[in-house]
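Below: one structure, written as structure tokens.
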Amino acid sequence: MTIRFILALLLGFALAIWLPAGTRAGELKEAQVTQVIQDVRLLPSNAAPRPASVNDRVQEDTAVRTGVESRTELTFQDMTLTRLGSQTIFSFKGGTRTINLKSGSILLSVPKGTGGGQIKTAAVTASVTGTKIVMQYHPDHFDFRVIEGDANLCQNESKNVRLRRRDDEPCPDCVIVHAGQMVSGKPGECFSQPVAFNVAEFLATSELFAGFPSLQTPTETAFFPPPGVDVGNINSTIVGTVNPGNIGTGGIVGPPVVSPEQP
């Protein structure tokens with residue numbers, strides 16, 4: 001009996017090692033377009049760009065680009081959700097939980113227990129677990145906000161970061177950002193301490209919320225229906241109140257919670 005038990009354990013261990021990457025939980029493998037507003041294009045690596053439509057499947061070799069005053073929403077099979085603002089270029093790295101933001105604005109909503117996720121730009125990387133964050137990135141400016149939960153914002157290359165005007169000012173590699181806080185700055189400069197922002201006002205005016213259905217955890221079949229079934233747009237409501245007093249924690253700066261994935 002003991003020998004059989006040991007053999008069963010060894011077999012299970014071997015299967016865990018040799019299972020294909022696509023069968024392991026927690027990886028971003030495919031997204032489905034769940035809303036399109038005006039000009040949204042899919043950019044396959046081996047084909048010409050084409051207009052995006054609701055229910056289109058997006059693989060790791062396909063980028064997504066939104067035009068002027070255009071937006072879109074994509075949902076992964078584990079209910080990780082992304083919304084792209086106008087003039088945004090987005091892609092994701094298959095087999096990981098890393099989303100690449102070349103430019104523009106993005107909302108990332110990660111369900112708890114799915115392994116978190118990262119938004120990676122040319123200069124900074126945001127790491128999150130079970131939270132909602134918004135990032136805007138351009139070559140001369142970035143803006144990072146946490147709507148729910150906590151996140152870790154890190155410099156990609158700390159050796160290339162320029163110091164601030166005063167030598168005694170801190171220049172951390174990473175900052176912890178809590179719900180209701182934001183960090184903004186220029187790529188290549190030291191992080192400022194997180195500051196509080198008005199969450200309710202932001203939700204009411206941001207292009208990533210205004211005009212979109214609100215967020216809640218939907219059923220998987222709503223986003224990945226059988227072929228030929230058009231689910232259209234999702235209607236739901238935000239659950240709970242986020243930081244009702246818009247109270248920050250005074251800009252806590254600390255060591256990394258989740259280290260960004262190295263290229």
Side-chain angles (χ1 to χ4, degrees), residues 15-37 40-47 50-66 71-85 88-101 106-120 125-135 147-149 151 208-209 212-239 258 260-261:
L15 287 173
I17 293 176
W18 290 102
L19 275 175
T23 65
R24 297 173 190 163
E27 298 175 350
L28 299 181
K29 298 176 292 185
E30 180 183 79
Q32 181 173 336
V33 178
T34 45
Q35 186 152 343
V36 172
I37 299 175
V40 180
R41 303 271 172 169
L42 302 182
L43 312 177
S45 60
N46 57 355
R50 63 181 179 85
S53 301
V54 170
N55 291 337
D56 277 346
R57 303 296 176 91
V58 180
Q59 308 286 344
E60 65 170 314
D61 59 351
T62 299
V64 181
R65 182 182 67 200
T66 59
R71 294 169 289 165
T72 191
E73 179 182 85
L74 300 96
T75 306
F76 292 86
Q77 284 178 301
D78 66 355
M79 298 302 106
T80 294
L81 179 143
T82 62
R83 288 177 181 168
L84 311 182
T88 296
I89 301 178
F90 148 99
S91 63
F92 68 94
K93 186 176 181 181
T96 70
R97 299 193 61 80
T98 299
I99 288 173
N100 300 306
L101 177 63
I106 185 172
L107 161 73
L108 175 63
S109 177
V110 181
K112 292 181 180 179
T114 57
Q118 293 183 335
I119 298 178
K120 191 165 189 176
T125 296
S127 300
V128 303
T129 302
T131 192
K132 294 180 179 67
I133 62 173
V134 171
M135 175 173 276
I147 308 300
E148 292 180 5
L208 297 172
F209 291 90
F212 274 111
S214 299
L215 295 176
Q216 72 175 13
T217 302
T219 61
E220 182 172 340
T221 54
F223 293 100
F224 289 86
V229 176
D230 185 356
V231 297
N233 297 332
I234 305 302
N235 295 308
S236 53
T237 56
I238 285 182
V239 177
V258 182
E261 179 180 293

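Starting from 1, each residue takes its place in the sequence as its number. All of these numbers come straight from a predicted model, not from anything done at the bench.
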Ignoring hydrogens, what is the shortest heavy-atom contact between [X] and [Y]? Give both atom names and the distance.
{"X": "Ala126", "Y": "Ile133", "value": "CB-CD1, 4.2 Å"}
{"X": "Val54", "Y": "Gln35", "value": "CG2-CA, 4.1 Å"}
{"X": "Val128", "Y": "Ala151", "value": "CG1-CB, 3.6 Å"}

[X] side, atom [atom1]; [Y] side, atom [atom2] - distance, nearest 0.5 Å:
{"X": "Arg71", "Y": "Thr88", "atom1": "CZ", "atom2": "OG1", "result": "11.0 Å"}
{"X": "Phe92", "Y": "Asp61", "atom1": "CZ", "atom2": "CG", "result": "8.5 Å"}
{"X": "Ser45", "Y": "Glu60", "atom1": "OG", "atom2": "CD", "result": "9.0 Å"}
{"X": "Lys29", "Y": "Thr96", "atom1": "NZ", "atom2": "OG1", "result": "12.5 Å"}

Test side chain to side chain donor-acceptor pair (under 3.5 Å) applied to Gln59 - qualifying residues, sequence neighbours left out =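 Side chain to side chain donor-acceptor pair (under 3.5 Å) check on Gln59 returns Glu30.
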
query = By side chain to side chain donor-acceptor pair (under 3.5 Å), which residues pair with Asn100, not counting sequence neighbours?
reply =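 Partners of Asn100 by the side chain to side chain donor-acceptor pair (under 3.5 Å) criterion come out as none, since no residue qualifies.
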
[X]: partners by side chain to side chain contact (heavy atoms under 4.5 Å, CB included), with sequence neighbours left out:
{"X": "Thr80", "result": "Leu28, Phe76, Asp78, Arg97, Leu108, Val110, Pro111, Thr114"}
{"X": "Ile106", "result": "Thr82, Leu84, Phe90, Ile99, Leu101, Ile119, Met135"}
{"X": "Arg65", "result": "Arg41, Leu43, Ile89"}

ask   = Do Arg83 side-chain atoms and Leu208 backbone N/O form a donor-acceptor pair below 3.5 Å?
value =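 Here the side-chain-to-backbone pair exists.
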
message = Looking at Gly85, is its backbone amide N or carbonyl O close enough to the side chain of Thr66 to form a donor-acceptor pair, meaning the two atoms are under 3.5 Å apart?
response =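 Present.
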
key: Note, Leu74 side chain near Thr34 side chain (heavy atom, < 4.5 Å)   =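 No; the side chains remain at least 4.5 Å from each other.
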
